[in-house]
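Just so it is clear, the values below take in all heavy atoms, side chains as well, and ignore hydrogens, waters and symmetry mates. If you read the sequence from its start, that first residue is 1, and numbering goes on from there.
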Amino acid sequence: MFQLKGDRRIMSVLLIGSILLISLVAVQGDDRILEDSKDAPHVRHKRGIFWDFFQKMVITKNLIVDQYSDTKNTLNDIYNTVNEQFSDPGPAKPTNRPRVTTEKTSISGEETGSNSEEPTTTEAFTISRYELGRILGRNFRGLQRLAMNEFSTALNATKYNLAEYKAEADKQFANSLAVEKKNKLKKTLQG
């Protein structure tokens with residue numbers, strides 16, 4: 001019986017010793033790993049091709065959505081600003097309040113002795129959609145006439161330039177034939 005108790009004690013001592021030895025080795029290994037990790041740069045492990053692909057797709061989607069919303073908001077602001085400038089009613093918001101300016105006022109052409117400036121209300125310049133369309137149409141028709149005039153002038157100039165080029169080419173070709181005929185004639189006379 002004493003023998004069994006001794007064997008158990010030896011086994012427990014060996015077990016505790018081996019646990020201490022393993023923990024000591026692990027602590028020393030951890031110290032080396034910590035020292036190495038302080039000196040070594042951080043390395044990012046690859047997550048895989050699918051992860052990278054979907055991550056890039058999400059980033060691209062976010063970029064497109066942001067650009068779309070910024071463009072939409074900007075165009076809406078421009079549309080509203082332009083619509084506020086028309087005098088006739090339209091689908092836009094109501095026009096702004098009249099602006100207040102200070103102007104010198106004179107009574108029936110007489111100049112007052114004091115330089116008093118009274119605030120007066122003047123309405124901002126607005127144009128109707130019809131007037132704007134009429135002005136833009138007139139400008140467009142003028143630009144069309146100008147473009148057609150320039151095009152016909154260029155076409156006419158090209159016609160004259162081609163005629164001059166053909167005349168010059170014919171003259172050069174005729175001169176070269178005449179020179180060749182003279183050279184052949186000289187060769188036959190000499191030969």
Side-chain angles (χ1 to χ4, degrees), residues 1-104 116-144 146-148 150-151 154 158:
M1 183 149 187
F2 187 70
Q3 193 80 11
L4 286 175
K5 284 186 181 180
D7 288 338
R8 280 189 172 174
R9 285 185 189 165
I10 292 175
M11 288 296 275
S12 59
V13 169
L14 285 176
L15 183 61
I16 292 173
S18 63
I19 291 174
L20 287 175
L21 184 62
I22 290 173
S23 63
L24 182 65
V25 168
V27 168
Q28 287 179 351
D30 286 343
D31 288 343
R32 282 190 223 138
I33 291 172
L34 288 175
E35 290 171 6
D36 292 341
S37 67
K38 289 177 187 175
D39 296 336
H42 178 68
V43 177
R44 181 179 165 253
H45 300 287
K46 287 197 164 201
R47 293 183 178 150
I49 191 167
F50 291 115
W51 176 265
D52 290 341
F53 174 74
F54 288 118
Q55 185 179 17
K56 288 178 182 166
M57 291 300 292
V58 167
I59 291 171
T60 304
K61 186 227 39 143
N62 290 341
L63 179 67
I64 290 170
V65 167
D66 289 344
Q67 286 180 343
Y68 173 77
S69 63
D70 287 346
T71 304
K72 184 175 120 185
N73 292 338
T74 303
L75 288 176
N76 283 338
D77 291 344
I78 291 170
Y79 177 75
N80 290 335
T81 302
V82 167
N83 276 334
E84 287 174 358
Q85 302 306 314
F86 292 120
S87 62
D88 55 343
K93 300 174 186 173
T95 58
N96 292 342
R97 291 178 288 148
R99 61 187 172 119
V100 175
T101 60
T102 56
E103 296 177 358
K104 290 184 181 180
S116 64
E117 292 184 358
E118 297 177 14
T120 60
T121 304
T122 59
E123 203 169 317
F125 176 76
T126 57
I127 189 170
S128 69
R129 287 178 173 81
Y130 175 76
E131 291 173 32
L132 179 67
R134 197 171 53 82
I135 291 169
L136 290 177
R138 188 178 64 224
N139 288 348
F140 179 71
R141 286 189 300 275
L143 288 174
Q144 269 184 325
L146 180 65
M148 290 305 290
E150 291 290 327
F151 181 71
T158 303

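The CD atom of Glu131 lies 10.5 Å from the CZ atom of Phe86; values are rounded to the nearest 0.5 Å. With rounding to the nearest 0.5 angstrom, the CG atom of Leu146 is 12.0 Å from the CG atom of Asn139. Atoms CD and CG, from Glu150 and Leu143 in turn, are 11.5 Å apart once rounded to the nearest 0.5 Å. Note: Ile135 CD1 to Tyr130 OH = 11.0 Å, rounded to the nearest 0.5 Å.
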For residues 61-71, run the donor-acceptor check on the side chains, cut-off 3.5 Å, and write out each pair with its distance to 0.1 Å, sequence neighbours left out.
| residue | atom | partner | partner atom | Å |
| --- | --- | --- | --- | --- |
| Asn62 | ND2 | Val58 | O | 3.4 |
| Ser69 | OG | Val65 | O | 3.2 |
| Ser69 | OG | Asp66 | O | 3.0 |
| Thr71 | OG1 | Gln67 | O | 2.8 |

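Atom CG of Leu136 sits in a crowded spot, with more than 12 heavy atoms from other residues, nucleotides or ligands closer than 6.0 Å.
With sequence neighbours excluded, the residues that form a side-chain contact (heavy atoms from CB on, under 4.5 Å) with Ile78 are Thr74, Val82.
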